[in-house]
S.K.: 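Take a look at this one; I'll ask things after.
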Amino acid sequence: SAHAVNVARQNFPNDRFFASEAQNFCPPNNVDVIVLSEVLYYMDYFSIVPDTLRFFQFLNGDGVLCISLNLQNPKARAIERALRPHLQYV
């Protein structure tokens, strides 16, 4: 959210932060971290895997993609099952 980005900028003024709609995300340079916080529910279920995997092209070599899902939600559990074969969980 724009609010989260503003707070991050205040707390870490030497770093760059920005928010974007997931489908339009295209940073000017590769980044260290991409956070998808509770957004995958709103994407077309059948495009979630390719759309999510697309984010890896924007990460630096040791970058991290963080995904937050409420697994109490049945759609979130289905999304997690679809993504599980493609991601490494930590």
S.K.: So which atom in Tyr45 and which in Ala82 form the shortest heavy-atom distance, rounded to 0.1 Å?
M.R.: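 Distance-wise, the nearest heavy atoms are OH-CB, 3.8 Å.
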S.K.: Tell me whether Val35 is reachable from Val31 by hopping between hydrophobic residues (I, L, V, M, F, W, Y) whose side-chain heavy atoms are closer than 4.5 Å.
M.R.: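 No, no single cluster joins them.
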S.K.: For the hydrophobic clusters of this structure (ILVMFWY residues joined by side-chain heavy atoms under 4.5 Å, transitively), does one cluster hold both Phe56 and Leu36?
M.R.: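 Linked within one cluster.
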S.K.: What pairs of residues pass the ring pair (Phe, Tyr, Trp, His ring centres under 6.0 Å) test when at least one of them lies in residues 65-84, not counting sequence neighbours?
M.R.: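 Every pair satisfying ring pair (Phe, Tyr, Trp, His ring centres under 6.0 Å) with a residue in residues 65-84: there are none.
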S.K.: Quick check: is Leu65 connected to Val33 through a chain of hydrophobic side chains (ILVMFWY, heavy atoms under 4.5 Å apart)?
M.R.: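 No, Val33 and Leu65 fall in different hydrophobic clusters.
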S.K.: Are Leu53 and Tyr42 connected into the same hydrophobic cluster when the rule is that any two of I, L, V, M, F, W, Y join if their side-chain heavy atoms are below 4.5 Å apart?
M.R.: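 Yes, it is one cluster - the side chains of Tyr42 and Leu53 are joined through contacts under 4.5 Å.
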S.K.: By the ring pair (Phe, Tyr, Trp, His ring centres under 6.0 Å) test, which pairs, at least two apart or in different chains, include something from residues 20-39?
M.R.: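 Only Phe18-Phe25, Phe25-Phe55, Phe25-Phe58 qualify under ring pair (Phe, Tyr, Trp, His ring centres under 6.0 Å).
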S.K.: Under 4.5 Å side-chain heavy-atom separation, chaining through any Ile, Leu, Val, Met, Phe, Trp or Tyr, what else clusters with Val5? Say none if it is isolated.
M.R.: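 ILVMFWY cluster around Val5 also holds Phe12, Phe17.
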S.K.: Which side-chain N or O atoms in residues 66-74 pair as donor and acceptor under 3.5 Å with protein atoms at least two apart or in another chain?
M.R.:
{"residue": "Ser68", "atom": "OG", "partner": "Glu38", "partner atom": "OE2", "Å": "2.6"}
{"residue": "Asn70", "atom": "OD1", "partner": "Gln72", "partner atom": "N", "Å": "2.9"}
{"residue": "Asn73", "atom": "OD1", "partner": "Lys75", "partner atom": "N", "Å": "2.7"}
{"residue": "Asn73", "atom": "OD1", "partner": "Ala76", "partner atom": "N", "Å": "3.2"}

S.K.: Taking the side chain as everything from C-beta on, heavy atoms only, tell me whether Asn30 gets closer than 4.5 Å to Leu59.
M.R.: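 In short, these two side chains do not touch, never coming nearer than 4.5 Å.
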S.K.: Could you state the interatomic distance from CD1 (Ile79) to CD1 (Ile48), rounded to the nearest 0.5 Å?
M.R.: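 Rounded to the nearest 0.5 Å, the CD1-CD1 separation comes to 3.5 Å.
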S.K.: Can you list every side-chain hydrogen bond (donor to acceptor under 3.5 Å, both in side chains) pair that touches residues 7-20, not counting sequence neighbours?
M.R.: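 Applying side-chain hydrogen bond (donor to acceptor under 3.5 Å, both in side chains) to every pair that reaches into residues 7-20, excluding sequence neighbours, yields nothing.
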S.K.: If Ile, Leu, Val, Met, Phe, Trp and Tyr residues are connected whenever their side-chain heavy atoms lie under 4.5 Å apart, and connections chain through other members, are Val64 and Val39 in the same group?
M.R.: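 No; tracing contacts between hydrophobic side chains, which count when under 4.5 Å, never links both residues.
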S.K.: Return each pair, listed once, that meets side-chain hydrogen bond (donor to acceptor under 3.5 Å, both in side chains) where at least one residue sits in residues 47-66; pairs must be two or more places apart or across chains.
M.R.: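 Qualifying pairs: Asp32-Asn60, Ser47-Asp51.
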